[in-house]
Chemist: 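Structure in structure tokens, see below.
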Amino acid sequence: MVQLKLSIVCDYQEECWHSMDICAEMLLENLNSSEDRQITIDQILPKFNPRLQKIPRLGNKNFFFNADRLLNRFWDYPNHLGKKLKEGGSDFYHIVDHSYAQLVHVLPHQRVGVYCHDLDAFRSILEPEKELRPAWYRSMSRRILSGLQSAEIVFYSTAQIRKEIEQYNLIESSRLVQAPLGISPEFTPYVDHDPTAETILKQIGDAPYILHIGSCIPRKRIDVLLDVFGRLRAIYPHLLLVKIGGQWTQNQSQQILDKGLHESIIHLQNLHRSTIARLYQRSLAVLLTSEAEGFGLPVIEALACGTVVVASDIAVLKEVGGKGALYCPLGEVDTWTDLVAQLIVNPEMAPALELKLAQAGKYSWSSHAAIIKKSYMNLAGISS
């Protein structure tokens with residue numbers, strides 16, 4: 001029997017891209033649980049080298065952390081893979097995160113697949129008039145994009161992402177494979193005891209809260225989230241906002257201060273999935289105010305927990321949320337405020353639990369892993 005070795009190339013954990021860590025973890029878990037002995041799985045996850053952060057008395061920690069990220073991504077990781085290749089390497093390599101696609105240049109590209117979650121990393125070269133970046137950043141983006149374009153297989157999550165890839169003529173259609181993301185087993189409507197969640201919920205008490213999960217980068221439109229929450233607080237003074245993930249930007253911190261919201265926001269980071277699941281279950285609604293997404297994991301996670309989801313009416317989120325979620329026009333604060341206010345008074349206007357669970361049930365990590373495994377088996381000319 002022919003046996004193939006597939007290496008899963010992961011993000012540095014120190015970068016704290018939790019969605020990418022989940023993708024790697026679930027892929028490894030589901031591939032390793034397979035009884036198929038034709039393929040063995042190897043994880044590639046080098047240790048992050050914090051060079052500049054070690055230098056004493058340097059200011060601006062974020063600046064030096066980002067500088068270390070670039071050194072690790074473009075110097076250390078390629079060198080690590082080079083050593084792996086000299087030791088014999090693997091039959092195929094799967095890069096979990098497209099923003100690491102520069103690594104394709106080090107690997108035998110005809111045996112590499114990359115998962116393209118979105119085109120956000122390439123906006124400065126695809127739409128330079130909309131995203132102004134310095135020359136060094138555009139050069140870095142071109143290096144990453146050329147790596148993606150060199151890969152033998154490019155996986156994607158939604159029809160909308162494929163449409164964008166084809167719109168910019170980035171990848172031949174024959175090399176594109178859809179492998180939708182999945183839902184981790186912690187996300188269910190059934191309450192499970194989680195000590196961390198119980199501590200947080202004790203802090204919240206009986207106060208109702210809306211929930212946002214994700215980073216604070218511009219495309220998440222946190223400004224809209226805070227505007228909506230500010231107006232809702234004027235109607236419901238006891239309402240709280242629980243924000244999981246990201247760090248406030250200077251503008252967002254100022255917006256919170258200007259609106260007097262700092263005492264009504266609970267900002268949490270680095271929570272386990274079981275804790276997040278409990279917070280989903282207890283929330284009034286999950287709000288996703290994004291102007292762009294690649295998939296929107298919080299949508300299906302929340303639906304799997306039976307939670308009300310209100311999302312921007314952009315194509316990706318409507319594709320993923322289907323009839324299980326409610327939608328508001330992007331950036332229209334009045335409409336968002338009115339809808340959430342109505343949900344607080346009349347929660348029955350939200351989609352039924354059966355609709356939410358049916359939509360969430362369309363996605364699974366086992367299917368995600370099976371598609372990826374089959375693609376590499378086909379590439380090797382082996383029927384799975």
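Just so you know, these numbers come straight off a predicted model, no measurement behind them.
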Chemist: Going by distance alone, is a donor N or O of one side chain under 3.5 Å from an acceptor N or O of the other, for Ser364 and Ser367?
Modeler: yes

Chemist: Look up atom CG in Leu241 and atom NE2 in His267, then write down how far apart they are to the nearest 0.5 Å.
Modeler: 9.0 Å

Chemist: Hey, is Arg219 close enough to Glu291 for a salt bridge, meaning N to O under 4.0 Å?
Modeler: no

Chemist: Looking only at side chains, do Gln359 and Lys356 share a donor and an acceptor under 3.5 Å apart?
Modeler: no

Chemist: Do His18 and Asn270 pair up side chain to side chain, a donor and an acceptor below 3.5 Å, judged on atom types alone?
Modeler: yes

Chemist: Kindly state each residue pair satisfying side-chain hydrogen bond (donor to acceptor under 3.5 Å, both in side chains) with at least one member in residues 227-242, sequence neighbours excluded.
Modeler: Asp227-Gln255, Asp227-Lys259, Arg231-Asp334

Chemist: With distance as the sole criterion, is a donor-acceptor pair present between the side chains of His98 and Tyr115 under 3.5 Å?
Modeler: no

Chemist: I'd like to know if the side chain of Arg73 pairs up with that of Ser99 as donor and acceptor (distance under 3.5 Å, no hydrogens or angles considered).
Modeler: yes

Chemist: Testing the 3.5 Å rule here: is there a donor-acceptor pair between the side chains of Arg69 and Asn72?
Modeler: no

Chemist: NE2 of His262 to CH2 of Trp248: how many Å apart, nearest 0.5 Å?
Modeler: 13.5 Å

Chemist: Would you mind telling me which of Gln160, Glu164, Glu166 makes a side-chain hydrogen bond (donor to acceptor under 3.5 Å, both in side chains) with Arg162?
Modeler: Glu166

Chemist: Check whether any side-chain N or O of His117 sits under 3.5 Å from a backbone N or O of Val96 as a donor-acceptor pair, and report yes or no.
Modeler: yes

Chemist: Is there a donor-acceptor contact under 3.5 Å linking the side chains of His368 and Ser157?
Modeler: no

Chemist: With Asp91, which of Leu4, Leu6, Ile39 fulfils side-chain contact (heavy atoms from CB on, under 4.5 Å)?
Modeler: Leu4

Chemist: Where the side chain of Asp313 meets the backbone of Tyr327, is there a donor-acceptor pair that is under 3.5 Å apart?
Modeler: no

Chemist: Between the side chains of Ser253 and Gln250, does any donor sit under 3.5 Å from an acceptor?
Modeler: no

Chemist: Using a 3.5 Å distance criterion without hydrogens, assess whether the side chain of Lys243 forms a donor-acceptor pair with backbone atoms of Gly245.
Modeler: yes

Chemist: Report yes if the distance between the aromatic ring centroids of Phe122 and Tyr168 is under 6.0 Å, otherwise no.
Modeler: no

Chemist: Around atom CG of Asn169, are there more than 12 heavy atoms from other residues, nucleotides or ligands closer than 6.0 Å?
Modeler: no

Chemist: For Ser366 and Asn30, does a side-chain donor sit closer than 3.5 Å to a side-chain acceptor?
Modeler: no

Chemist: Parallel under 30°, tilted from 30 to 60°, perpendicular over 60°: which one fits the rings of Tyr363 and Phe295?
Modeler: perpendicular

